[in-house]
Amino acid sequence: MSKSIMKSIVLCSIVFLVLMSAFAGIGCVDQETEEGADAPEPQSIIIKGSDTVLPLSQAVSEDFMYANPEKSVTVIGGGSGVGIAALIDGEIEIAMASRKMKDSEFENAEANGITPVEHIIAWDGVAVVVNPENPVKEITFEDLKGIYDGSISNWADVGGEDLPITVITRDSSSGTYGYFQKNVLLGEEYRQDALVQPATGAIVQEISQNAGAIGYIGYAYLDDSTTALSLDADGEGYVEATPENITAGSYPLARPLHYYTNGEPSGLAKEFLEYINSETGQEIVSEVGYFPAM
Amino acid sequence: MINRNLKEKGIESLLFFSAVIAVVALFLLCIFLFSDGIILFKHISVTSFITDTKWFPTAEPVHFGLLPLLLGSIIVTTGAVIFSVPLGIAAAIYISELADPKIANIVKPVTEILAGIPSVVYGFFGLVVLVPFLQKSLGLPTGQTALTGSIMLGIMALPTIISISEDAINSVPRSLKEGSLALGSTKWQTIYKVTVPAALSGISAAVMLGIGRAIGETMTVMMVTGNSAVIPGFPSGLFAPVRTMTATIALEMGEVPQGSDHFHALFAIGSVLFITTFIINIIANYIKRRYRFSL
């Protein structure tokens with residue numbers, strides 16, 4: 001009896017070993033691409049980071065690979081922080097970010113022998129949106145901060161109807177969340193009872209059906225179901241969220257979208273950056289819903 | 001002969017291996033979850049994790065308070081239980097005791113189809129239909145509330161509760177019911193004084209499993225409850241947005257830097273969630289075994 005148990009244990013471990021060896025190769029994929037990247041003329045690069053920049057990078061890389069079939073550009077999302085961390089670890093050639101790198105990230109990069117170089121590839125406008133029925137059409141940064149930090153909770157306080165304000169934010173994975181916190185809340189924390197939505201589409205959905213709601217979305221997501229407020233950052237008058245104002249830099253919530261490379265780019269990374277900054281590349285930028293960097 | 005014996009043994013050990021995989025997977029998952037979660041407590045004390053009333057994972061100073069998330073999960077699940085248990089048990093009684101077999105043959109498979117609908121579809125339905133409806137009919141500032149989550153989770157837990165309760169009611173020996181009827185009880189008296197009490201252990205197990213299903217659900221809850229990490233009042237908190245433990249992990253895992261305190265805090269929440277559902281499953285199994293009806 002014990003012999004048969006021994007036998008089945010031995011058999012099991014053999015099966016297990018076979019399976020292990022079958023899976024053993026899986027982890028090596030990354031290393032292979034890394035080795036490829038170390039070669040003098042890399043024919044494949046990886047771009048990773050912000051979900052805001054993701055659709056843009058994807059569109060441009062598809063076009064780029066169509067024009068250069070022997071070269072491969074892999075685009076991966078995950079968020080600005082994820083991409084920057086990967087650049088610091090030397091896993092990728094280009095990190096995409098919808099915010100600037102933090103000082104702590106620069107320090108980490110230095111410690112790893114990486115010197116991040118910033119490239120602005122496009123501009124994005126963040127629109128503050130309300131329900132179309134809401135009579136409030138413009139707002140100062142001071143009131144906006146009050147609404148988001150919890151000191152203002154009724155539309156009557158900012159010139160609207162007597163209606164409680166439903167404040168909506170993105171989740172903390174979003175680069176827009178960090179951007180808005182830094183520029184509107186001046187680094188302070190969002191109010192605790194704000195609704196947190198997992199995607200921009202959900203913000204649009206809630207605002208379109210809730211007369212008292214306010215939220216922020218990327219300009220590309222603006223349509224008839226929501227109304228963008230005109231913003232006044234410093235008491236110098238309200239600026240409407242229009243493509244002209246965003247590219248002119250007068251709209252206060254216009255932000256650059258970044259690529260970060262390790263040192264000045266070379267090889268395929270350089271080629272790709274040149275492509276995205278070319279006329280064709282910047283045309284794709286406009287098609288995706290962002291604004292050209294120049 | 002030897003060849004045949006070897007083949008038998010081979011098949012046997014292959015099957016044994018398949019069975020072992022589940023156990024190994026559970027074991028590895030536990031190690032992974034707990035070892036990453038426990039690192040949080042190098043920097044944050046256990047008491048502050050459990051008693052802090054704020055969840056501000058990216059603020060300065062950081063707050064990793066489990067309390068609002070745990071209470072959020074509890075209030076949504078409680079609401080789901082209040083909604084789905086009476087409905088589920090009533091449906092089970094109807095299907096197994098009262099319904100015409102023709103009708104039962106239609107109703108039962110239909111409730112089981114309910115279990116096969118992906119949770120994101122429930123969430124989408126909740127967001128587009130139930131959220132605006134609740135907001136307008138109850139006059140709330142937003143329709144994304146704990147109640148909305150409870151109703152959706154209640155619907156999702158129904159198939160579990162109905163099908164296990166129904167099995168329990170069906171397994172009550174016929175002699176018991178016939179005895180009751182022979183003593184002059186009406187059909188209804190037999191059901192609520194004999195059949196249901198006799199099936200109570202199975203029904204309780206069904207309820208526990210339904211709770212387990214509700215507390216672990218993520219996508220639907222994240223889409224309809226608003227995700228504000230505030231401590232909910234009871235019962236007023238039912239009509240305000242809440243954030244559950246599952247939604248927190250799903251919302252924040254995207255950009256959390258690997259190896260940071262925030263990263264480990266999410267694993268710590270995962271551990272709490274795992275322990276909770278583990279205990280619920282053990283209780284369900286215990287009730288089922290302890291009070292099994294035997295004649």
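We name chains A, B, ... by the order of the sequence lines, and we start the count at 1 in each one.
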Determine whether more than 12 heavy atoms belonging to other residues, nucleotides or ligands lie under 6.0 Å from atom [atom1] of [X].
| X | atom1 | answer |
| --- | --- | --- |
| B/Phe41 | CZ | yes |
| A/Glu118 | CD | yes |
| A/Asp224 | CG | no |
| B/Lys54 | NZ | no |
| B/Phe263 | CZ | yes |
| B/Phe274 | CZ | yes |
| B/Ile38 | CD1 | no |

* To do: Pull out the residues in residues 186-201 of chain A that come under 4.5 Å of chain B, heavy atom to heavy atom, sorted by number.
  => A/Glu189, A/Tyr190, A/Gln192, A/Asp193, A/Ala194, A/Leu195, A/Val196, A/Gln197, A/Pro198

* Roughly how far, to the nearest 0.5 Å, is CG of B/Asn227 from CD1 of A/Ile168? -> 11.5 Å

* CD1-OG1 distance between A/Ile165 and B/Thr142, expressed to the nearest 0.5 angstrom -> 13.5 Å

* To do: Name the region of B/Thr53, side chain, backbone, both or neither, that has any atom closer than 4.5 Å to a heavy atom of chain A.
  => backbone

* **Portion of B/Val20 that has a non-hydrogen atom of chain A nearer than 4.5 angstrom** => neither

* **Contact leader toward chain A among B/Met222, B/His262, B/Gln144, where contacts are heavy-atom pairs under 4.5 Å** => B/Gln144

* Asked: In terms of heavy-atom pairs under 4.5 Å with chain A, which of B/Pro141, B/Gly226, B/Ala247, B/Ala229 leads?
  -> B/Gly226

* Answer yes if the side chains of B/Gln135 and A/Gln209 hold a donor-acceptor pair under 3.5 Å, and no otherwise. => no

